[in-house]
Amino acid sequence: MSFPLLTATAALPAVGAIATAAVPAAKRTAAKWLALLFSLATFGLAVAILVRFDPGGDRYQLTESHSWIADFGVRYDLGVDGIAVALIALTALLIPFIMLAGWHDADPLETGSRRWRPTQGYFALILAVEAMVILSFEATDVFLFYIFFEAMLIPLYFLIGGFGDRAHEHGEETARTQRSYAAVKFLLYNLAGGLIMLAAVIGLYVVAGNFSLTEIAAARADGSLTMAASTERWLFLGFFFAFAVKAPLWPLHTWLPNAMGESTAPVAVMITAVVDKVGTFAMLRFCLQLFPEASKWATPVVLVLAVISVIYGALLAVGQRDIKRLIAYASISHFGFIIMGIFAMTSQGQSGATLYMVNHGISTAALLLVAGFLISRRGSRLIADYGGVQKVAPVLAGTFLIGSLATLSLPGLAPFVSEFLVLVGTFTRYPVIGVIATLGIVLAALYTLVLYQRTMTGPVRPEVSAMPDLRVRELAVVAPLVVLLVFLGVYPKPVADIVNPAVRQTMSDVHKQDPRPEVEAAK
């Protein structure tokens, strides 16, 4: 039997979570290093998946299949296509940076308080989320996917509610109340989506007789499994609703600004750069493969919701006073682009959407982590409390600028290629939607440049005059992300070569071809 690489990649952070949580309370530093070691080892296994994956080979590779609950047809089936490989690599890459950035976020509170923050629990919860996200990307059994799609909510609930941002202008008691509200809202929204999806999962089993994604998709393709149009549409809506909550798509997005605003910056990165990608990934893997006709039926409405997300998120970002909430609304706008690319039903749109998932993860991590370093120095999330930072902390300001420019998809940085492909792919089939969505680019330039101007330029405020620049640990977090933003902006081919075959297969699932360009005949 070959080495179960996919199982090992998901099991390693799960084991690390247990080992980290078991470290004695007095050994906080040892717990941090142990968790970081497990995250680095997981990244090594993700690289091994990347190396062993053959983009020109079978659709699902490195597969594993074992009977689990035989009476109900539930199997432990794993397999990865190019899209899953790219997102597993992104997840495994970001987790060590998230840990380094939050190295002191769960340390004991300052002098004057006897309360202790459970450092071991903080790092163990991060590893637990990583394990569940990776398994969600690997699962090819619908029921197995559902379990981890829902289970990841529990450690995230505790990370949001128990380890919130210390920078709060209204005091610790108010901060604790708002953290609890944000955590409960996050959990209730996502549980509601998950319960609706569970009904659809059961309905799919009744229709198909099993939970195997590959078997059901193959039966759908060869015509041996047919569904009534109404049945397929209801099942699609059950799956799509849960994924739209996770994504988050307007109007199901309202949990995200609260969750990101009240979390520590590293946890906010985990939410928007890692966990939310499961929603958009699942739209490609499950909605389009299992319910191709219903996906085409729903496309006009989904595209309208996506373009509303693009404009709405950008407009609200413009008016934000809180740095992290601004980035949260910007992410809602970016997820609108991703979903628009998926449902444009063109190879350019879906390739751009998949690249956008990766590039958005890197760019948002860079901007949000630097913002977290900034907030921890000043002790405030309010934009108005800053000014002139570039004169006292030029490296911090410079990395913040690069993250901001990546957020507005500046040419030469990674998100530009993906956003361009999404817009081209959408315009070729839905020109009105594509034109309206371009307004999101203009608004992105407005909110990112205004954010930089108000925080980094102008007279130096007295409160930031003694602000230190980035330290070695913080540079170790930000510098690799900046390098990746530039490298993938100039040369996106390595990621594109991995994801494009999977995109072509998805296009085949929905029986769609790219529109032929209308070229006027030469006279």
Side-chain angles (χ1 to χ4, degrees), residues 257 260-261 265 268-269 272-273 307 309-337 356 359-375 377-378 380-420 422-423 436-461 464 467 469-470 478 481-482 484-486 488-490:
M260 287 183 61
V269 169
T272 189
V307 80
S309 290
V310 169
I311 306 301
Y312 172 88
L315 282 173
L316 265 66
V318 171
Q320 289 304 305
R321 299 167 54 246
D322 184 305
I323 296 175
K324 289 201 295 183
R325 288 180 71 90
L326 184 152
I327 299 173
Y329 280 109
S331 290
I332 291 170
S333 181
H334 296 151
F335 274 101
F337 277 112
Y356 215 144
N359 295 333
H360 172 265
I362 299 170
S363 62
T364 300
L367 178 60
L368 194 48
L369 292 179
V370 176
F373 299 148
L374 178 70
I375 292 167
R377 285 159 164 73
R378 173 66 177 85
S380 173
R381 306 194 316 242
L382 298 179
I383 297 172
D385 289 341
Y386 295 87
V389 174
Q390 68 179 10
K391 297 176 182 177
V392 297
V395 177
L396 187 154
T399 53
F400 191 84
L401 177 62
I402 294 173
S404 300
L405 294 176
T407 298
L408 64 83
S409 299
L410 184 78
L413 297 176
F416 169 76
V417 178
S418 45
E419 193 166 288
F420 176 78
V422 166
L423 289 172
I436 296 174
T438 57
L439 295 175
I441 302 175
V442 178
L443 293 171
L446 179 60
Y447 63 69
T448 54
L449 294 179
V450 168
L451 171 64
Y452 182 83
Q453 180 188 35
R454 292 179 178 176
T455 54
M456 300 296 162
T457 65
V460 179
R461 292 179 63 91
V464 304
M467 180 178 289
D469 213 335
L470 291 183
V478 178
L481 298 176
V482 170
L484 276 174
L485 286 175
V486 175
L488 293 178
V490 175

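We use all heavy atoms of the structure for the numbers below, so side chains are in, but hydrogens, waters and symmetry mates are not.
Within the 4.5 Å cutoff, the side chain of L369 has heavy atoms near those of the L481 side chain. Between L401 and M456, the closest side-chain pair of non-hydrogen atoms is not below 4.5 Å. Looking at I383 and D322, their side chains never come closer than 4.5 Å, going by heavy atoms from C-beta outward. Using a 4.5 Å heavy-atom cutoff, the side chains of L485 and P415 are in contact. Side-chain contact between L374 and I323 is present, with at least one heavy-atom pair separated by less than 4.5 Å. Side chains of S409 and N359 form no contact here, defined as non-hydrogen atoms less than 4.5 Å apart. Using a 4.5 Å heavy-atom threshold, the side chains of L423 and F337 count as touching.
For T399 (side chain) and L396 (main-chain N/O), a donor-acceptor pair under 3.5 Å exists by modelled atom type. Listed for the R381 side chain is no donor-acceptor partner under 3.5 Å among the backbone atoms of K324.
Interatomic distance, L410 CG to S363 OG, rounded to the nearest 0.5 Å: 12.0 Å. Here the straight-line distance linking atom CZ of R325 with atom CG of L382 works out to 11.5 Å at 0.5 Å rounding.
The minimum heavy-atom distance linking G387 with V464 is given by the pair O-CG2, 3.3 Å. Across all their heavy atoms, A406 and L413 have their closest contact at N-CD1, 3.5 Å. Contact record, L443 with A314: CB-CB, 3.5 Å, taken as the closest heavy-atom pair. The two atoms that bring G440 and I311 nearest to each other are N-CD1, 3.7 Å, heavy atoms only. A pairwise comparison of heavy atoms in L367 and S404 identifies CD1-OG, 3.6 Å as the closest pair. Closest approach of P257 and Y329 over heavy atoms only: CG-CZ, 3.5 Å.
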Assess whether side-chain contact (heavy atoms from CB on, under 4.5 Å) is satisfied between L408 and I441, documenting all intermediate values.
-> CA-CA 7 Å; L408 64 83; I441 302 175; over 6 Å; no
Mind running side-chain contact (heavy atoms from CB on, under 4.5 Å) on V389 and F400 for me, showing each step along the way?
-> CA-CA 11 Å; V389 174; F400 191 84; over 6 Å; no
Go through Y386 and I375 one step at a time and tell me if the side-chain contact (heavy atoms from CB on, under 4.5 Å) criterion holds.
-> CA-CA 10 Å; Y386 295 87; I375 292 167; 3.9 Å; yes
Show your working on side-chain contact (heavy atoms from CB on, under 4.5 Å) between S331 and T364 and close with a plain yes or no.
-> CA-CA 8 Å; S331 290; T364 300; 4.1 Å; yes
Under 3.5 Å, which donor-acceptor pairs link side chains of residues 444-454 to any protein atom two or more places apart or in another chain?
residue, atom, partner, partner atom, Å
T448, OG1, A444, O, 2.7
T448, OG1, A445, O, 3.4
Y452, OH, Q390, OE1, 3.0

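Taking the six-membered ring for Trp and thresholds of 30 and 60 degrees, H334 and H360 have ring planes more than 60 degrees apart, a perpendicular arrangement.
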